K.L.:
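Okay, handing you the structure first.
As the structure is a prediction and not an experimental result, all values here were calculated from the model. Values below: all heavy atoms of this structure, side chains included; hydrogens, waters and symmetry mates excluded.
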Amino acid sequence: MELTHATMICKALSDPNRLRIVQLLTEGEKCGCDLLEQLQIGQPTLSHHMKILCDRGLVTARKAAKWSYYSLVCDQWTEFRDFIDAIRCTCACDGKTESGCCCS
């Protein structure tokens, strides 16, 4: 995953409502009406959040009659998770602290 794309995903996830939406969608596809009920926000606010998540490729939408149904884009989440999993914390000190590492 390119850094610019990972940055855009992180920005999209920086809002608590969007993180909650993602949590709810881990249970499976949800109707916008169900998300509205769970989040207790207005429809314009939900539309704003969903546009951001969809534009970043994290969520997909499908229309059925007057409702929109949302679900996670698993390939995108797997790629982002792999990017995050590759981040490792290593000690850069010379090992002269009492514990042998400055990261302890």
Side-chain angles (χ1 to χ4, degrees):
M1 174 172 280
E2 293 182 20
L3 285 177
T4 54
H5 190 63
T7 300
M8 296 305 287
I9 290 174
C10 289
K11 286 180 183 181
L13 298 176
S14 68
D15 182 276
N17 283 316
R18 291 192 287 270
L19 276 178
R20 180 71 178 129
I21 290 167
V22 169
Q23 283 181 320
L24 291 168
L25 293 178
T26 60
E27 300 167 1
E29 183 180 68
K30 298 263 188 238
C31 177
C33 59
D34 293 330
L35 294 172
L36 286 170
E37 187 177 303
Q38 293 275 338
L39 297 168
Q40 298 180 347
I41 60 175
Q43 193 279 325
T45 302
L46 178 64
S47 292
H48 169 75
H49 290 309
M50 298 316 296
K51 179 171 177 19
I52 291 170
L53 292 171
C54 288
D55 286 351
R56 299 304 177 265
L58 299 172
V59 171
T60 188
R62 72 174 179 86
K63 294 285 271 184
K66 67 177 188 170
W67 296 109
S68 293
Y69 292 84
Y70 301 97
S71 57
L72 296 178
V73 178
C74 292
D75 292 346
Q76 194 68 244
W77 284 100
T78 299
E79 188 176 346
F80 183 63
R81 186 177 55 242
D82 291 346
F83 175 84
I84 296 297
D85 284 346
I87 297 172
R88 299 284 182 252
C89 180
T90 58
C91 184
C93 67
D94 61 7
K96 294 184 180 178
T97 62
E98 288 180 24
S99 66
C101 182
C102 58
C103 300
S104 311

K.L.:
Return all side-chain donor-acceptor pairs below 3.5 angstrom for residues 34-45, not counting sequence neighbours, or 'none' if the list is empty.
P.N.:
from: Q43; atom 1: NE2; to: S47; atom 2: OG; distance (Å): 2.6

K.L.:
Could you give the side-chain donor-acceptor pairs of residues 8-22 under 3.5 Å, partners two or more places apart or in another chain?
P.N.:
from: S14; atom 1: OG; to: K11; atom 2: O; distance (Å): 2.6
from: D15; atom 1: OD1; to: N17; atom 2: N; distance (Å): 2.7
from: D15; atom 1: OD1; to: R18; atom 2: N; distance (Å): 3.3
from: R18; atom 1: NE; to: A12; atom 2: O; distance (Å): 2.6
from: R18; atom 1: NH1; to: H49; atom 2: ND1; distance (Å): 3.0

K.L.:
Who pairs with E2 by side-chain hydrogen bond (donor to acceptor under 3.5 Å, both in side chains), at least two apart in sequence or on another chain?
P.N.:
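For E2 there are no side-chain hydrogen bond (donor to acceptor under 3.5 Å, both in side chains) partners, ignoring immediate neighbours.
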K.L.:
Keeping to residues at least two apart or across chains, list the salt bridge (Lys or Arg N to Asp or Glu O under 4.0 Å) pairs with something in residues 46-62.
P.N.:
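Matches after skipping sequence neighbours: E29-R62, K51-D55.
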K.L.:
Identify all side-chain donor-acceptor contacts of residues 65-86 below 3.5 Å with residues at least two apart in sequence or on another chain.
P.N.:
from: Q76; atom 1: OE1; to: H5; atom 2: NE2; distance (Å): 2.8
from: W77; atom 1: NE1; to: L58; atom 2: O; distance (Å): 2.9
from: T78; atom 1: OG1; to: C74; atom 2: O; distance (Å): 2.9

